[in-house]
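Below is one structure; the comments refer to it alone.
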Amino acid sequence: MSSIDKSGTYKLGGRPVRRLGYGAMQLAGKGVFGPPKDHDAAIAVLRDAVASGVNHIDTSDYYGPHVTNRLIREALVPYPDDLVIVTKIGARRGSDASWLPAYSPEELKQAVHDNLSNLRLDVLDVVNLRIMFDTHGPAEGSIEAPLTALAELQRKGFVRHIGLSNVTRAQIAEGRRICEIVCVQNQYNLAHRQDDALIDELARDGIAYVPFFPLGGFSPLQSSTLSGVAERLGATPMQVALAWLLQRSPNILLIPGTSSVGHLRENLAAAELELSAEVLRELDGVAKAA
């Protein structure tokens with residue numbers, strides 16, 4: 001058994017994926033805008049991820065824009081049969097690298113076709129509708145109009161499964177009345193735990209929860225407790241943070257991102273880290289102190 005197999009599997013859109021995946025956002029340039037600093041290194045990371053057993057890659061055509069999807073296509077076509085590529089729509093990039101909502105039926109249709117073209121796919125496995133009422137986090141408001149437009153693209157055969165990103169509990173309930181929702185992608189990590197109850201609710205219904213910024217994102221996790229645990233276990237703080245997420249709930253699928261092969265392998269090694277009940281209780285204090 002390879003190290004990543006120890007993370008276990010969970011169904012995403014009806015297909016089992018290993019719970020340690022890869023997020024492609026960091027392959028684009030600074031600020032997730034423009035080409036990568038090192039094109040060959042980006043290709044190497046993608047190929048090493050798949051060679052290591054990763055079969056869940058998260059991306060979006062608005063990363064770059066178009067950059068990460070074209071890198072995935074260059075590195076991995078022909079795609080392995082078990083690879084699930086998950087993408088996002090609902091946003092676009094301004095010329096100043098700003099993040100802007102893109103919700104109209106025309107914009108959503110164009111985004112789906114851009115993802116298909118740049119990934120060289122005939123159908124998208126999973127498409128997350130990113131809600132942009134507030135770029136800093138979930139904010140209430142109806143998602144009926146854009147989700148109905150995406151569901152229509154699903155009915156036409158361009159999309160197999162639909163997920164939601166940056167959403168509230170009320171929006172998830174509204175979304176499930178419109179179409180089947182196979183995953184929810186919100187910010188969640190050791191210190192940012194507003195979705196604790198939601199994760200458990202989704203687990204009971206067999207819906208995957210995919211935390212973005214599992215290591216803190218643009219503000220990496222910093223905690224003396226986390227560092228102390230890592231030192232005792234002979235691991236890195238980030239490996240401990242990922243291992244905590246894997247043990248938090250079986251429906252959590254991880255997509256840590258990196259542009260470094262070495263860092264990728266460190267992340268994947270988190271699957272081998274077993275945290276005792278005592279360590280888990282200690283780490284729970286990180287959220288209380290945040």
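One-based numbering along the sequence shown.
- If you chain together hydrophobic residues whose side chains sit under 4.5 Å apart, L76 and V86 never meet in one group.
- For R169, the side-chain hydrogen bond (donor to acceptor under 3.5 Å, both in side chains) partners at least two apart in sequence or on another chain are E201.
- A208 and L253 make their closest contact through CB-CD1, 3.8 Å (heavy atoms, listed as atom of the first residue, atom of the second, distance).
- Closest non-hydrogen pair, S142 versus E174, comes out as OG-OE2, 2.6 Å.
- Residues I162 and E180 fail the side-chain proximity criterion, which asks for heavy atoms closer than 4.5 Å.
- Under a hydrophobic-cluster definition in which Ile, Leu, Val, Met, Phe, Trp and Tyr are linked whenever side-chain heavy atoms come within less than 4.5 Å, directly or via other members, F212 and V54 are assigned to the same cluster.
- Using a 4.5 Å heavy-atom cutoff, the side chains of L27 and P36 are not in contact.
- Judged purely by atom type and a 3.5 angstrom limit, S249 has no side-chain atom pairing as donor or acceptor with the backbone of I252.
- Of the possible donor and acceptor atoms, one in the side chain of N189 sits under 3.5 Å from a partner among the backbone N and O of F213.
- Side-chain contact between L246 and L254 is present, with heavy atoms from C-beta onward closer than 4.5 Å.
- In this structure, L83 CG and I85 CD1 are separated by 4.5 Å, a value rounded to the nearest 0.5 Å.
- With rounding to the nearest 0.5 angstrom, the CD1 atom of I178 is 5.0 Å from the CD atom of E144.
- Not one N or O on the side chain of N128 forms a donor-acceptor pair closer than 3.5 Å with the backbone of R130.
- Residues E140 and F133 approach most closely at O-CD1, 3.9 Å, considering heavy atoms.
- Remark: side-chain polar atoms of T68 are not paired, donor with acceptor, to backbone N or O of M25 under 3.5 angstrom.
- Side-chain atoms of N166 come within 3.5 Å of backbone atoms of I131 as a donor-acceptor pair (strictly under, hydrogens ignored).
- Side-chain contact between W99 and V32: present, with at least one pair of heavy atoms (C-beta onward) separated by less than 4.5 Å.
- Every side chain to side chain contact (heavy atoms under 4.5 Å, CB included) that E282 has, sequence neighbours left out, goes to T225, V229, R232.
- Taking a cutoff of 4.0 Å between a charged side-chain nitrogen and a carboxylate oxygen, R93 and D61 do not qualify as a salt bridge.
- A donor-acceptor pair under 3.5 Å links the side-chain atoms of N118 to the main chain of D114, judged by distance alone.
- No single ILVMFWY cluster, assembled from side-chain heavy atoms under 4.5 Å apart, contains both V210 and L242.
- Taken together through direct or relayed side-chain contacts under 4.5 Å among Ile, Leu, Val, Met, Phe, Trp and Tyr, L153 and L124 form part of one hydrophobic cluster.
- In this structure a side-chain-to-backbone donor-acceptor pair under 3.5 Å is missing from R18 to S7.
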- For L119 and I72, run side-chain contact (heavy atoms from CB on, under 4.5 Å): C-alpha distance rounded to whole Å, both residues' side-chain angles, the deciding distance at 0.1 Å, then the answer. CA-CA 7 Å; L119 288 167; I72 290 168; 3.9 Å; yes

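- Around CG of D96, the count of heavy atoms belonging to other residues, nucleotides or ligands within 6.0 Å exceeds 12.
- Using the six-membered ring where Trp is involved, Y188 and Y209 have ring planes that are perpendicular, over 60° apart on the 30 and 60° scheme.
- Atom CD of residue E272 and atom CD of residue Q239 lie 9.5 Å apart, to the nearest 0.5 angstrom.
- Residue T9 holds its OG1 atom at 12.5 Å from CG of L20, rounded to the nearest 0.5 Å.
- Screening V45, V50, I43 for a side chain to side chain contact (heavy atoms under 4.5 Å, CB included) with R47, the sole residue that qualifies is I43.
- With E107 contributing its side chain and Y103 its backbone, the two residues share a donor-acceptor pair below 3.5 Å.
- Between L226 and P237, some side-chain heavy-atom pair lies under the 4.5 Å cut-off.
- With salt bridges taken as basic N to acidic carboxylate O contacts below 4.0 Å, one links K88 and D58.
- Residue pairs meeting the side chain to side chain donor-acceptor pair (under 3.5 Å) criterion with at least one member in residues 154-163, sequence neighbours excluded: D125-R160, E152-R155.
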- Message: Does Y79 form a side-chain contact (heavy atoms from CB on, under 4.5 Å) with R73? I'd like the steps, not just the answer.
- Response: CA-CA 8 Å; Y79 296 119; R73 180 184 71 196; 4.0 Å; yes

- Task: Determine, step by step, whether V182 and K11 satisfy the side-chain contact (heavy atoms from CB on, under 4.5 Å) criterion, reporting the C-alpha distance in whole Å, the side-chain angles of both residues, the deciding distance to 0.1 Å, and the verdict.
- Result: CA-CA 9 Å; V182 301; K11 283 193 175 180; over 6 Å; no

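- Counting only heavy atoms from C-beta outward, the side chains of V240 and L190 never approach each other to under 4.5 Å.
- In this structure, R19 CZ and I255 CD1 are separated by 13.5 Å, a value rounded to the nearest 0.5 Å.
- Contact record, I89 with N115: CG2-ND2, 3.7 Å, taken as the closest heavy-atom pair.
- Annotation for I4 and G53: closest pair CD1-C, 3.8 Å, computed over non-hydrogen atoms.
- What you find for S60 and T87 is that their closest heavy atoms are CA-OG1, 3.3 Å.
- V126 and I143 fall into different hydrophobic clusters, where Ile, Leu, Val, Met, Phe, Trp and Tyr residues are linked whenever their side-chain heavy atoms come under 4.5 Å apart, directly or through other members.
- The CG atom of D195 sits 7.0 Å away from the CD1 atom of I172 when rounded to the nearest 0.5 Å.
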- Go through K109 and H113 one step at a time and tell me if the side-chain contact (heavy atoms from CB on, under 4.5 Å) criterion holds. CA-CA 6 Å; K109 180 180 179 180; H113 285 286; 3.7 Å; yes

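- By the neighbour-count criterion of 12 heavy atoms within 6.0 Å, atom CD of E274 is sparsely surrounded, having that number or fewer from other residues, nucleotides or ligands.
- With a 4.5 Å cut-off on side-chain heavy atoms, N186 and L198 count as touching.
- With Y22 contributing its side chain and T258 its backbone, the two residues share a donor-acceptor pair below 3.5 Å.
- The closest side-chain heavy-atom distance from R92 to P65 is not below 4.5 Å.
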